[in-house]
**Student:** 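I have a structure here, written as structure tokens, and I will follow up with some questions on it.
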Amino acid sequence: MKVSQMLLPTLREVPAEAEIISHQLLLRAGLIRKSASGIYTYLPMGMRVLHKVMNIVREEMDRFGGYEMLLPIVQPAELWKESNRWAVYGEEMFRLKDRHDRDFCLGPTHEEIITEVLKGDVNSYKQLPLLLYQIQNKYRDEKRPRFGLMRGREFIMKDLYSFDKDFEGLQESYDRMYKAYSNVFKRCGLNFRIVEADSGAIGGNTSHEFVVLASSGEAGVVYCDDCDYASNIESAEAIPETLAGETALKKELIDTPNLRSVKEVAELLKLNPKYFIKSLFYKADDEEVLVLIRGDREVNEIKLQNYLGCLELEMLDSDKVASICQADVGFVGPIGIDIKIIADKEVPLIANAVVGANKNDYHYKNVNSERDFKIDAVADLRLVGEGEPCPKCTGRLESARGIEAGQIFQLGTKYSDALNAKYTDENGNEQLIVMGCYGIGVSRTLQAAIEQNHDAEGIIWPITIAPAQVVIIPVSTKDLGQVTAANDIYGFCKEAGIEVLLDDRDERAGVKFKDADLVGYPIRLTVGKKTVNEGTVDIRLRHSGEEQAVAKEEAVAAIEKLVDNLLQGQGPEFVDINKP
RNA sequence: CGGGGUGUGGCUCAGUUUGGUAGAGCGCUGCGUUCGGGACGCAGAGGCCGUAGGUUCAAAUCCUAUCACCCCGACCA
């Protein structure tokens, strides 16, 4: 590879469109360019990194028994109607029609299509289990594409699907993928955590996410400071806090002119917000519900949606709330309301609470559930916060942010049932195939790696996914001695199987050094006057800045050794269950 | 989807308030000097000012519509 012959358009200035550092560096280092919001072109160096990540994924999938396939991106609507997801996916699905006016979509994921393939060709227990995967573009018309490759509308994902006879087999497949995923992210040089997760629209029960820690990440996670419990905040179990018991006092109407928030009323009454009950009105599909939660807590809408089993969940607009309560938002409460009321587990534990009076400018105090209002159901509906007790031990929860790079699900029979994918067991009985699915956001992982590995000068690639292991920079392209030496070393490196790039542009040395730091090659070899006069080259490590002079005859051997060392530092503690 | 903002050369931006010859820096081309951390000088090229209408003698600038892109929010009771 020679820079003079490649498209490697680095930028000195930060493009206005990029907010976070990894996005800026992707653009500045000449790895990607935007085509439309959330849609990107991969330039040659970006493509090389992408291939590196994809190959690591491939190797680990194959190591654990996966077989790669290629599935259609354009998929017929009928399949999606069969699984009912044509409706569920809603606006997020890219839809199109063919010339005969038939409906199609650009696949946001591939459960339907692969199940369809399977059911035609798999019908005996002898053919199971199967682990099949594909790495390709997926399409989701995100409300708000963001942060470059992080939340794109067209993105590259690896999806593996497991097909087993029973749930025992599923657990085995799931465990394999758990290990495979750990290997993938270790090999990519990422600092990540495995957390319990909600299974969301995909469905199923058990699920884990692989979260790359980064402050810019969109996923919130909590983890125990004592045991190994870790969870996505969306699914983290909340332990109800018990408040000191009090005798129920007489309900009392209090004057709260224009005080609408818990905070304002709490200040007036000099009462801790934990003695308030917030009333939130939601529309769950077509049903209106009132959700009650302690004044200092927040509703976890994922939990609420799961509890209600609805497809769409949104808060009621204030006009609608006013018509139900005969009062404005800010003064509404559960007393005398005739719709379904569900309460967080902590609500019944509050004695003598404050609630809106359903009368403008008034609240009630000393309100007690059951006596003053009914609760139709109690559930864990709240968001867990930092410092709360761990649900698994006596420790406390810490919180962090991260990038969700991978997620694994135990689907069970949801799709095989919907799409009628069955096999015949040992006894001649028809059984549903038990499925799992396992996704890695490949393009997102690439960006996550930059988010975690950079400095003020640019990217610092882990050597396992670097676009090139070594860059050779001749200081002056006018000095024939330097050019010859650089070319020789370049050739020897190639022969030795080192991934090497020669920056043979007729640029000043400073420009080439800056670009090398920006693009982030792990090793840099400089050929200069010293090479011609004294026979040495300078070898420098990007991550530490260490530099040393080496005789040019020993340069290739030195680089080989450095590459090996770096690879070992980045290597996984290989988990290999296929080998004895 | 709601709110805000921006569209001017490849990139970063000024010019718009107050209508009157389209600008700067970087990048690009040529020549010269320079040459181990984004050099300097000289000479150049490159722009239907997002798009479509309108107002006006005259529109990057004013009006209307539209498109694109970016940011914030979508927990407020």
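We name chains A, B, ... by the order of the sequence lines, and we start the count at 1 in each one.
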**Student:** Using the P atoms only, state how far B/rG30 lies from B/rU8, rounded to an integer number of Å.
**Tutor:** 28 Å
**Student:** For B/rA59, what is the paired nucleotide under Watson-Crick or G-U wobble rules, both distances under 3.5 Å?
**Tutor:**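 Base partner found: none.
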**Student:** For A/Asn300, which contact category applies under a 4.0 Å heavy-atom criterion: base, sugar-phosphate, or nothing?
**Tutor:**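 Base, at least one base atom sits under 4.0 Å.
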**Student:** Short of 4.0 Å, heavy atom to strand atom, which residues of residues 528-555 of chain A count as contacting RNA chain B?
**Tutor:** A/Gly528, A/Lys530, A/Asp538, A/Arg540, A/Glu547
**Student:** Step by step, would you call A/Leu308 with A/Tyr282 a side-chain contact (heavy atoms from CB on, under 4.5 Å)?
**Tutor:** CA-CA 11 Å; A/Leu308 295 168; A/Tyr282 280 92; 5.7 Å; no
**Student:** For B/rA22, which nucleotide is its Watson-Crick or G-U wobble mate, given both distances must be under 3.5 Å?
**Tutor:**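 Base partner found: none.
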**Student:** Check whether more than 12 heavy atoms from other residues, nucleotides or ligands sit under 6.0 Å from atom CD of A/Glu386, and answer yes or no.
**Tutor:** yes
**Student:** Give one of base, sugar-phosphate or nothing for A/Asp328, where a contact means two heavy atoms less than 4.0 Å apart.
**Tutor:**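 No contact.
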**Student:** For B/rU51 and B/rA60, measure between their P atoms and round to the nearest Å.
**Tutor:** 11 Å
**Student:** What nucleic acid atoms does A/Arg33 come within less than 4.0 Å of, heavy atoms only: base, sugar-phosphate, or nothing?
**Tutor:** nothing
**Student:** Considering Watson-Crick and G-U wobble pairs with both distances under 3.5 Å, what does B/rG41 pair with?
**Tutor:** B/rC31
**Student:** Between A/Asp515 and A/Arg505, does the salt bridge (charged side-chain N to carboxylate O under 4.0 Å, His left out) criterion hold? Intermediate values first, please.
**Tutor:** CA-CA 11 Å; A/Asp515 269 353; A/Arg505 291 175 299 170; 3.0 Å; yes
**Student:** Under a 3.5 Å threshold, yes or no: a donor from one side chain and an acceptor from the other, between A/Asn368 and A/Asn352?
**Tutor:** yes
**Student:** Using a cut-off of 4.0 Å on non-hydrogen atoms, how would the nucleic acid contact of A/Arg382 be classed: base, sugar-phosphate, or nothing?
**Tutor:**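 Since no nucleic acid heavy atom lies under 4.0 Å of A/Arg382, the category is nothing.
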**Student:** Any strand counts, and the cut-off is 3.5 Å on both contacts for Watson-Crick or G-U wobble. Which nucleotide pairs with B/rC69?
**Tutor:** B/rG5
**Student:** Taking the P atom of each, how far is B/rU56 from B/rC42, in whole Å?
**Tutor:**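 The same atom, P, in both gives a distance of 47 Å.
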**Student:** Does CG in A/Leu480 sit with more than 12 non-hydrogen atoms of other residues, nucleotides or ligands closer than 6.0 Å?
**Tutor:**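 Open: at most 12 neighbouring heavy atoms sit under 6.0 Å from CG of A/Leu480.
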**Student:** Respond yes when some side-chain nitrogen or oxygen of A/Lys34 is under 4.0 Å from OP1 or OP2 of B/rA68, and no when none is.
**Tutor:**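 Answer is no, no contact under 4.0 Å.
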**Student:** Would you tell me whether A/Ser207 and A/Gln407 have side-chain atoms, one donor and one acceptor, within less than 3.5 Å of each other?
**Tutor:** yes
**Student:** Whether A/Ser37 contacts B/rC70 is assessed here as follows: a side-chain N or O lying under 4.0 Å from the phosphate OP1 or OP2. Is that the case?
**Tutor:**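 Indeed, a polar side-chain atom of A/Ser37 lies that close.
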**Student:** Quick one: do A/Ile21 and A/Glu451 satisfy side-chain contact (heavy atoms from CB on, under 4.5 Å)? Show the steps, please.
**Tutor:** CA-CA 7 Å; A/Ile21 185 71; A/Glu451 193 67 26; 3.5 Å; yes
**Student:** Between the side chain of A/Arg28 and the main-chain N/O of A/Leu11, is any donor-acceptor distance below 3.5 Å?
**Tutor:** yes
**Student:** How far does the C1' atom of B/rG5 sit from the matching atom of B/rG50, given to the nearest Å?
**Tutor:** 16 Å
**Student:** Can you check the distance between B/rU17 and B/rA59, where both ends of the measurement are the P atom (answer in whole Å)?
**Tutor:**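 B/rU17 and B/rA59 have their P atoms separated by 14 Å.
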**Student:** If we take the P atom in both B/rA74 and B/rG54, what is their distance in whole Å?
**Tutor:**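 Straight-line distance between the two P atoms is 43 Å.
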**Student:** Step through the shown structure and confirm whether more than 12 heavy atoms of other residues, nucleotides or ligands are within 6.0 Å of CD on A/Gln5.
**Tutor:**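 Atom CD in A/Gln5 is crowded, with more than 12 foreign heavy atoms closer than 6.0 Å.
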**Student:** Quote, to the nearest angstrom, the C1' distance that separates B/rA14 from B/rG25.
**Tutor:**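 Between the two C1' atoms, the distance is 11 Å.
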**Student:** If you check the A/Arg153 side chain, which of B/rG38, B/rG36, B/rC69 turns out closest?
**Tutor:** B/rC69
**Student:** Across the strands shown, which category fits A/Arg144 at heavy-atom distances under 4.0 angstrom: base, sugar-phosphate, nothing?
**Tutor:**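 Since a base atom lies under 4.0 Å of A/Arg144, the category is base.
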**Student:** Answer yes or no: is there a donor N or O on one side and an acceptor on the other, between the side chain of A/Arg542 and the main chain of A/Arg524, under 3.5 Å?
**Tutor:** no
**Student:** Nucleotides 8-15 of chain B: which of its N/O atoms have a protein N/O under 3.5 Å away?
**Tutor:**
residue	atom	partner	partner atom	Å
B/rU12	OP1	A/Ala16	N	2.9
B/rU12	O4'	A/Glu13	OE1	3.4

**Student:** Kindly point out which of B/rA39, B/rC70, B/rG37 is positioned nearest to the side chain of A/Val511?
**Tutor:**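 The nucleotide sitting nearest to the side chain is B/rA39.
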**Student:** Where the side chain of A/Arg12 is concerned, which of B/rC28, B/rA74, B/rC26 is the nearest nucleotide?
**Tutor:**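 For A/Arg12, the side-chain atoms sit closest to B/rC26.
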**Student:** Got a sec, which residues hit ring pair (Phe, Tyr, Trp, His ring centres under 6.0 Å) with A/Phe331, two or more places apart in sequence or on another chain?
**Tutor:**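 Counting only residues at least two positions away or on another chain, A/Phe331 forms a ring pair (Phe, Tyr, Trp, His ring centres under 6.0 Å) with A/His363.
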**Student:** Assign A/Arg508 to base, sugar-phosphate, or nothing according to its heavy-atom contacts below 4.0 angstrom with the strands shown.
**Tutor:**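 The answer is base, as A/Arg508 lies within the cut-off (heavy atoms under 4.0 Å) of a base atom.
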**Student:** Identify the nucleotide, in any strand shown, that forms a Watson-Crick or G-U wobble pair with B/rU64, with both distances under 3.5 Å; if there is none, say none.
**Tutor:**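 Check on B/rU64: paired to B/rA52, both distances under 3.5 Å.
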